[in-house]
Amino acid sequence: MKNGRPDSEYLYWRWTPRDCKLPKFNPRKFLKLMRNKSLSFIGDSISRNQVQSLLCVLSKVEPAVEIYHDKEYRSKIWKFRSHNFTLSVIWTPFLVKAAIFEDFNGVTSSEIQLYLDTLDEWTKQYKNFDYVVIGGGKWFLKTAIYHENKTVIGCHYCPGKNLTELGFDYAYRKVLQEVFKFFTKSNHKATVLFRTTTPDHFENGEWFSGGYCNRTVPFKEGQIHMIDVDSIMRSIELEEFEKAASLGSKRVNLKLLDTTLLSLLRPDGHPGPYRKFQPFAKDKNAKVQNDCLHWCLPGPIDSWNDIIMQMLLNA
C-alpha cells in the first residue's frame with residue numbers, strides 16, 4: 001500500500017474449505033503447541049513468504065528475536081524466548097546442490113549447474129527440527145545443466161550446448177525422489193509437511209517479458225485452470241508423495257500440504273507492479289517488472305498457515 005497499490009479488497013477475502021470448518025490461525029494456541037519445539041521452512045522465496053506471514057501473526061502474542069541470518073539474508077533463525085520456540089527458514093530453491101549465477105532481480109549471467117543426486121546442506125540441520133515445511137518447484141523452469149554421478153547428463157532449455165534435453169520434469173521428479181528417500185530413511189523423528197507448487201498469475205507475458213497481474217478480485221471456481229507446467233509439477237508431486245507415503249516410516253510423519261488449487265483462485269493477492277516504491281509516481285505508463293508469484297500480507301498465503309495449524313494439531 002505504501003508502494004502505491006490503490007485497492008484493498010484483497011486483504012479481506014479468505015479461502016474456506018467445502019464441507020468443513022477451518023478455524024482462523026490462533027497465535028497463542030500455536031505458540032503453546034510449539035513450546036520447546038523447532039519448526040523450519042525449507043525451500044525457495046515462497047517458503048520465506050510463508051514464514052513472513054507466520055511471523056506477522058505470531059508477533060501479536062510475542063515478538064520474534066532474530067538470532068541468525070546468512071550473508072544474503074536469505075536463511076534466518078528466530079527465537080520466541082518465552083516459549084523456547086525456534087523458527088527458521090532455509091533458502092535452497094532446488095533442495096539439491098546448485099551453482100546459481102543470478103542477481104536479486106533474477107538476471108542470469110550463466111546457466112545453473114544442478115547436481116540432481118546431491119541434496120543440499122539443509123540435510124545436515126534436519127536433526128534439529130521437530131517440524132518441517134518443505135517445497136519448491138518454480139526454479140526448475142530455469143535453464144540448467146544437469147549432473148548425476150559427477151557427470152553432465154543433459155539439461156533443460158540449453159540450445160547450442162549439444163546436450164540432451166531432459167526437461168524440467170525429469171529433474172524435478174529425480175530431486176523429489178531424493179528428498180523423500182532422505183526423509184523416509186532418516187532415523188530422526190519429525191513431522192514433515194510437503195507443500196505443493198504455487199501457481200503464478202502472470203498475464204500477457206512472464207516476469208521478464210512484461211507479464212502483469214492487475215485483477216482485484218478472486219476467480220470463482222472453474223473460471224481458471226492451471227497452466228501446463230504447473231499441472232506437470234503437481235502430478236509429479238502427488239505421484240512421488242504417494243509413493244513415499246505408501247512406503248511408510250517409523251520415524252517421519254509425512255503429510256501433504258496441498259495449497260495449489262486454493263492459491264490458483266487468488267490473482268488479486270500479488271504485489272504486481274508495487275514491489276518497489278511508487279513505481280508510477282513520475283510516469284503513469286512506466287514499464288515496471290511485476291511480481292505475480294509472491295503474496296501480499298495480509299493475503300492468500302495466510303490461509304496456508306491456518307491449514308498448517310490444523311495439520312499440526314491433528315498430528
Side-chain angles (χ1 to χ4, degrees), residues 40-48 70-76 88-129 132-188 190 192 194-198 229-230 232-237 239-241 243-244 247 249 252 254 293:
S40 187
F41 287 78
I42 300 171
D44 54 21
S45 54
I46 297 295
S47 297
R48 184 172 67 225
D70 63 2
K71 64 177 187 290
E72 284 102 13
Y73 289 79
R74 280 172 158 161
S75 296
K76 294 183 178 183
S88 59
V89 62
I90 299 173
W91 192 78
T92 169
F94 291 105
L95 306 176
V96 291
K97 187 180 157 195
I100 300 167
F101 308 93
E102 68 172 53
D103 63 18
F104 273 97
N105 286 319
V107 179
T108 306
S109 57
S110 184
E111 295 90 0
I112 292 161
Q113 304 293 321
L114 206 51
Y115 301 86
L116 301 179
D117 51 1
T118 311
L119 291 174
D120 207 358
E121 297 286 303
W122 61 268
T123 53
K124 293 176 183 167
Q125 298 173 61
Y126 173 61
K127 64 183 185 299
N128 303 324
F129 307 137
V132 166
V133 181
I134 191 166
K138 280 287 183 260
W139 278 70
F140 285 85
L141 301 176
K142 294 173 184 273
T143 294
I145 310 293
Y146 297 153
H147 300 248
E148 273 182 62
N149 296 323
K150 299 183 176 153
T151 309
V152 172
I153 56 152
C155 70
H156 169 56
Y157 192 64
C158 59
K161 281 273 189 252
N162 199 22
L163 290 169
T164 307
E165 170 63 47
L166 292 171
F168 74 88
D169 49 330
Y170 172 87
Y172 195 42
R173 187 180 294 278
K174 175 78 185 164
V175 167
L176 289 188
Q177 286 169 350
E178 292 292 328
V179 168
F180 288 134
K181 187 164 72 180
F182 170 79
F183 285 133
T184 52
K185 293 201 165 173
S186 170
N187 289 320
H188 175 61
V192 175
F194 172 67
R195 175 184 56 75
T196 55
T197 192
T198 308
V229 289
D230 287 340
I232 292 165
M233 278 188 177
R234 185 176 156 76
S235 297
I236 293 167
E237 289 166 346
E239 284 165 24
E240 295 307 324
F241 176 85
K243 276 189 220 165
L247 287 173
S249 163
V252 71
L254 194 59
L293 173 63

Side chain to side chain, [X] and [Y], heavy atoms closer than 4.5 Å:
| X | Y | result |
| --- | --- | --- |
| Ile232 | Asp169 | yes |
| Phe129 | Ile90 | yes |
| Asp120 | Leu95 | no |
| Met233 | Leu141 | yes |
| Val229 | Phe168 | yes |
| Ile100 | Trp139 | yes |
| Val252 | Ser186 | no |
| Leu114 | Ile145 | no |

On a heavy-atom basis, the closest approach of Ile153 and Thr164 is O-CB, 4.2 Å
Which heavy atom in Trp91 sits nearest to a heavy atom in Ser75, and how many Å separate them?
N-OG, 2.9 Å
Residue pair Phe183, Ile134: steps toward the side chain to side chain contact (heavy atoms under 4.5 Å, CB included) verdict:
CA-CA 11 Å; Phe183 285 133; Ile134 191 166; 4.0 Å; yes
Do the side chains of [X] and [Y] get close enough for a salt bridge, i.e. N-O under 4.0 angstrom?
| X | Y | value |
| --- | --- | --- |
| Glu102 | Lys142 | yes |
| Glu178 | Lys174 | yes |
| Lys138 | Asp230 | yes |
| Lys124 | Glu121 | yes |

So, do Phe194 and Phe180 have ring centers that fall under 6.0 Å from each other?
yes
Got a second to check how far [X]'s [atom1] is from [Y]'s [atom2], nearest 0.5 Å?
| X | Y | atom1 | atom2 | value |
| --- | --- | --- | --- | --- |
| Ile112 | Cys158 | CD1 | SG | 12.0 Å |
| Leu163 | His156 | CG | NE2 | 13.5 Å |
| Lys97 | Thr92 | NZ | OG1 | 12.5 Å |
| Lys181 | Leu119 | NZ | CG | 8.5 Å |

May I ask you to check whether over 12 heavy atoms, not counting those of Lys161, lie within 6.0 Å of atom NZ?
no
Give a yes or no on this: more than 12 heavy atoms of other residues, nucleotides or ligands lie within 6.0 Å of atom CZ of Phe101.
yes
Distance-only side-chain donor-acceptor flag, Tyr172 / Glu237, under 3.5 Å:
yes
Arg195 and Asp44: CA distance, side-chain angles, deciding distance, salt bridge (charged side-chain N to carboxylate O under 4.0 Å, His left out) verdict:
CA-CA 11 Å; Arg195 175 184 56 75; Asp44 54 21; 3.7 Å; yes
Side chain of [X], backbone of [Y]: donor and acceptor closer than 3.5 Å?
| X | Y | result |
| --- | --- | --- |
| Ser45 | Arg48 | no |
| Glu165 | Gly167 | yes |
| Gln113 | Tyr146 | no |
| Ser47 | Phe41 | no |

Using the ring-ring contact (aromatic ring centres under 6.0 Å, His included) criterion, which residues pair with Phe182? Sequence neighbours excluded.
Trp122, Tyr126
All side chain to side chain donor-acceptor pair (under 3.5 Å) counterparts of Glu148, not counting sequence neighbours
Tyr170
If the condition is side chain to side chain donor-acceptor pair (under 3.5 Å), which residues does Gln125 pass it with, not counting sequence neighbours?
none
Using the side chain to side chain contact (heavy atoms under 4.5 Å, CB included) definition, which of the options Ile42, Thr184, Val132, Val133 pairs with Val192?
Val132
